[in-house]
2 protein chains.
Amino acid sequence: MGRAARAAARLMARADTGSKNAALKAIAAELDKQRPQLAAANEKDMQRGRDNGLDAALLDRLELTDARIDAMIEGLLQIAELPDPVGEVSDLKYRPSGIQVGKMRVPLGVVGIIYESRPNVTIDAASLCLKSGNATILRGGSEALYSNGAIAACIAAGLKQAGLPETAVQVVDTTDRAAVGALIAMPEFVDVIVPRGGKGLIERISREARVPVIKHLDGICHVYLDDRADPQKAFEIALNAKTHRYGVCNAMETLLVAEAVAVEFLSRLAVAYLEQGVELRGCDRTRAIVPQALPATEEDWATEYLAPVLSIRVVADMDAAMDHIAQYSSGHTESIVTEDYTRARRFLAEVDSSSVMVNASTRFADGFEYGLGAEIGISTDKIHARGPVGLEGLTSQKWIVFGDGQIRQ
Amino acid sequence: MGRAARAAARLMARADTGSKNAALKAIAAELDKQRPQLAAANEKDMQRGRDNGLDAALLDRLELTDARIDAMIEGLLQIAELPDPVGEVSDLKYRPSGIQVGKMRVPLGVVGIIYESRPNVTIDAASLCLKSGNATILRGGSEALYSNGAIAACIAAGLKQAGLPETAVQVVDTTDRAAVGALIAMPEFVDVIVPRGGKGLIERISREARVPVIKHLDGICHVYLDDRADPQKAFEIALNAKTHRYGVCNAMETLLVAEAVAVEFLSRLAVAYLEQGVELRGCDRTRAIVPQALPATEEDWATEYLAPVLSIRVVADMDAAMDHIAQYSSGHTESIVTEDYTRARRFLAEVDSSSVMVNASTRFADGFEYGLGAEIGISTDKIHARGPVGLEGLTSQKWIVFGDGQIRQ
């Protein structure tokens with residue numbers, strides 16, 4: 001499988017944009033045509049899941065409704081519309097030796113995607129890898145065995161119609177328990193692993209992988225309300241960052257408030273949070289202002305709730321806020337609300353997270369909102385892709401040199 | 001040490017360009033002032049090396065001559081002249097939501113450098129990391145214990161004079177054998193490891209590291225002489241790529257020649273190679289043209305000689321050459337010599353190496369020749385930095401968002 005992927009990667013790297021787009025559209029058409037087969041395969045997985053006592057949340061993720069198939073089709077057509085990153089040449093310039101040096105964007109090669117039960121990830125991941133000229137090995141959760149098989153058949157048919165190798169997207173038989181271990185340990189056949197799923201999966205893969213991993217661990221995001229913040233912006237951003245959606249990685253988990261404005265800002269915010277059913281946990285000074293808040297423990301500062309729970313800390317000033325962030329943040333997204341020019345500049349420069357914002361909700365940290373068109377995940381790594389990873393994050397740049405017979409003197 | 005580096009990294013990330021340049025110049029001045037101390041420390045290492053029976057090549061690398069100290073000083077001053085990559089903002093644009101999104105270049109954080117006996121690497125690595133705003137932990141070879149200690153004292157003095165934390169560059173006590181193992185296994189304190197040294201060292205670190213590694217393995221570089229090559233360019237490039245220097249990673253190790261021009265090109269080249277004392281090893285068809293060539297084995301195609309030895313293979317055409325390269329290349333540098341427009345374009349697009357060239361000697365694959373000003377190494381990885389790694393390769397890009405109170409709808 002690794003060897004087939006490596007061979008397919010060479011063909012995919014030189015596939016022209018038209019063929020890749022044709023494949024994406026053909027896969028979309030196949031999905032539409034094969035709705036009955038997809039429904040039947042998914043029902044088998046659902047039945048097995050119910051028999052095995054999977055919980056409701058897992059069963060919901062597993063389900064392939066017509067609306068979800070529509071979304072997969074829509075996603076494929078959107079990715080077909082995106083510009084092709086492969087072959088883009090930049091920074092081409094002449095050197096004193098007479099050679100002309102630049103960079104060319106090229107696919108990474110073979111991308112391994114390891115994910116859990118959502119079958120739609122099969123299409124999301126395959127389409128991004130396909131458009132960026134990579135070969136892909138997909139390893140989904142064993143709960144979605146039949147659904148992924150049916151989707152894989154659509155992908156293979158679409159690739160074939162476009163004249164691209166069917167091995168460009170391979171789906172691992174999920175009943176093979178050793179497959180994940182093999183996939184993450186063969187740097188000769190796999191160039192990068194993108195795990196998508198829960199923290200346990202990602203930590204295990206990071207620990208054991210011998211192949212580079214583009215990973216997304218926690219999203220412990222902070223909003224700092226400065227004493228020079230506009231009160232209305234502070235209120236709206238702090239509320240939106242927590243309550244717009246709870247189970248997402250770019251939701252705020254800890255609110256930091258400058259002490260000079262803590263009474264003013266927290267009194268109003270607490271009412272709004274409690275109205276929406278958000279459980280508040282605060283430091284002592286927060287609890288003096290918001291008596292309904294439970295005491296926050298050391299563990300709270302380091303927790304990604306993914307739930308209607310918020311920890312709140314009153315801090316002396318921006319430096320104290322940045323110290324808290326440096327200690328507890330997972331490096332995903334932090335936002336400052338301030339009207340102070342110098343503080344905004346310092347926060348942007350000094351906070352070391354994949355997204356750093358001024359006067360905007362952390363909820364904007366997202367490939368679609370950033371204009372990437374699509375994302376395969378949000379990387380909290382510092383090497384290679386950082387933050388939302390789109391097509392460009394699945395490519396690399398090689399150096400190219402144009403000469404006229406130059407030799408080193 | 002990890003904790004101190006992490007703390008220093010925060011201070012270094014916000015150090016202004018002037019302070020970093022002042023530190024580089026102060027370190028240069030210290031090296032100049034401390035020449036007697038450096039010589040004495042180096043003599044202790046040399047004496048110990050001679051006592052321990054180190055071979056001449058190793059002793060040569062260990063020696064810190066006045067010329068080498070001059071070169072270190074020169075390197076420091078050159079790096080002070082380079083533009084500071086930190087804080088560079090690119091691709092800033094407005095999104096439909098009203099937020100303005102862009103990328104800011106930031107240091108990686110803490111860079112661990114593991115190297116062998118050359119003490120001058122201490123300065124090279126420290127100065128590149130310093131200018132790019134990183135904190136560094138350096139672990140040199142135990143043979144250079146005293147020399148590295150003396151150099152570290154100069155670095156600490158220079159950092160102090162410029163008002164930067166002395167812990168921004170820490171040198172590990174090389175008598176501590178467990179230090180390498182610890183350094184490569186603490187992702188919480190080290191963001192990236194750059195090993196510099198022999199293949200054994202790099203393979204071991206790649207295998208065991210739990211921290212991302214920017215590595216350079218082999219340089220098995222190829223030149224392909226196409227049947228549409230200009231004969232004079234073909235002759236000069238093939239000769240220069242092999243004989244300009246032998247012990248370097250960007251020297252050609254295998255020459256591929258199109259069969260239509262094999263007799264013409266190889267007859268002339270063989271004379272020139274043999275005149276320079278290059279041992280030739282060829283495929284059967286090469287040996288039919290060059291009887292002095294020894295038979296090349298399968299192992300030859302996969303060997304980085306780093307010596308006056310060259311393997312030669314006659315191939316049917318460019319596709320066969322690219323197949324050979326895909327199978328045997330280490331992904332460092334390949335060059336085609338041709339006057340054919342379409343073939344030049346295909347070779348550039350399809351060959352998957354960190355540098356791909358047309359009509360130029362592989363010897364140009366070098367940070368100085370590419371205009372990076374300096375390099376910490378040449379990466380044969382595909383993730384993050386690829387090819388010569390300069391200041392930019394020691395940085396990462398985070399996303400920045402400017403808002404006016406925007407929230408997600």
Side-chain angles (χ1 to χ4, degrees), chain A residues 10 13-14 87 93 95 97 99 101 104 106 108-109 191-192 207 210 212 214 230 232-233 236-237 239-241 244 326 335 346 348-350 352-361 363-365 369-371 381-384 386-388 396-408, chain B residues 10 13-14 87 93 95 97 99 101 104 106 108-109 191-192 207 210 212 214 230 232-233 236-237 239-241 244 326 335 346 348-350 352-361 363-365 369-371 381-384 386-388 396-408:
Chain A
R10 271 189 79 193
R14 69 187 202 218
K93 50 195 167 204
R95 297 289 309 148
S97 60
I99 61 171
V101 180
M104 184 187 282
V106 292
L108 289 174
D191 294 296
V192 64
R207 204 168 46 238
R210 287 199 46 219
I214 296 179
D230 175 277
Q232 187 58 23
K233 291 179 190 168
E236 288 179 7
I237 290 170
L239 198 63
N240 184 262
H244 184 255
S335 183
R346 277 195 59 205
L348 275 176
E350 294 177 25
D352 188 25
S353 294
S354 77
S355 288
V356 187
M357 306 182 167
V358 179
N359 293 345
S361 169
R363 287 281 294 127
F364 283 108
E369 292 295 335
Y370 284 3
D381 290 328
K382 287 188 184 180
I383 301 295
H384 195 67
R386 201 173 180 190
S396 150
Q397 287 181 305
K398 69 183 180 192
W399 295 88
I400 56 172
V401 174
F402 296 98
D404 304 292
Q406 277 82 2
I407 57 172
R408 275 287 289 274
Chain B
R10 272 188 79 193
R14 67 188 202 218
K93 51 194 166 206
R95 298 288 308 149
S97 60
I99 61 170
V101 180
M104 184 188 279
V106 290
L108 289 174
D191 294 295
V192 63
R207 206 169 43 240
R210 287 198 44 221
I214 296 178
D230 175 279
Q232 188 58 23
K233 289 178 190 167
E236 287 179 8
I237 289 170
L239 198 63
N240 183 263
H244 183 256
S335 184
R346 277 196 58 206
L348 275 176
E350 294 177 25
D352 188 26
S353 294
S354 77
S355 288
V356 187
M357 305 182 167
V358 180
N359 293 346
S361 169
R363 287 281 294 126
F364 283 107
E369 292 295 335
Y370 284 2
D381 291 326
K382 288 186 182 180
I383 301 295
H384 195 69
R386 202 171 178 191
S396 153
Q397 287 181 305
K398 69 183 180 192
W399 295 88
I400 55 172
V401 174
F402 294 99
D404 303 292
Q406 277 81 3
I407 58 172
R408 275 289 286 276

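Treat the numbers as computed from the prediction; the structure is a model and nothing was measured. Chain letters run A, B, ... following the sequence lines, proteins first, then strands; residues in each count from 1.
Each of A/E236, A/H244, A/R363 was compared with B/I407 under the side chain to side chain contact (heavy atoms under 4.5 Å, CB included) criterion, and only A/E236 meets it.
Comparing B/L348, B/V101, B/D381 by how many heavy-atom pairs each has under 4.5 Å with chain A, the most go to B/L348. When B/D230, B/I214, B/L108 are compared by the number of non-hydrogen pairs under 4.5 Å with chain A, B/L108 comes out ahead. Interface summary for chain A: among B/G109, B/S97, B/A241, B/S335, the most heavy-atom pairs under 4.5 angstrom belong to B/S97. Ranked by heavy-atom pairs under 4.5 Å with chain B, the list A/R95, A/K233, A/R386 is led by A/R95.
Nearest heavy atom pair, residue A/G403 against residue B/A360, reads CA-CB, 4.3 Å.
Only the side chain of A/I99 comes within less than 4.5 Å of a heavy atom of chain B; its backbone N, CA, C and O stay farther away. With a 4.5 Å cut-off on non-hydrogen atoms, B/S354 touches chain A through its backbone but not through its side chain. Using a 4.5 Å cut-off between heavy atoms, A/E369 contacts chain B through both its backbone and its side chain. In this structure, chain B has a heavy atom under 4.5 Å from the backbone of A/S353, while its side chain stays farther away. Interface remark: B/Q397 contributes backbone atoms only to the contact with chain A (heavy atom separation under 4.5 Å). Only the side chain of A/R210 has a heavy atom closer than 4.5 Å to any heavy atom of chain B. Only the side chain of B/V106 comes within less than 4.5 Å of a heavy atom in chain A; its backbone stays farther off. Heavy atoms closer than 4.5 Å to chain B are found in both the backbone and the side chain of A/V358.
Atom-to-atom distance recorded for B/D352:CG and A/D191:CG is 7.5 Å, nearest 0.5 angstrom. Note that CZ of B/R408 is 8.5 Å distant from CG of A/N240, once rounded to the nearest 0.5 Å.
For B/K398 (side chain) and A/G387 (main-chain N/O), no donor-acceptor pair under 3.5 Å exists by modelled atom type.
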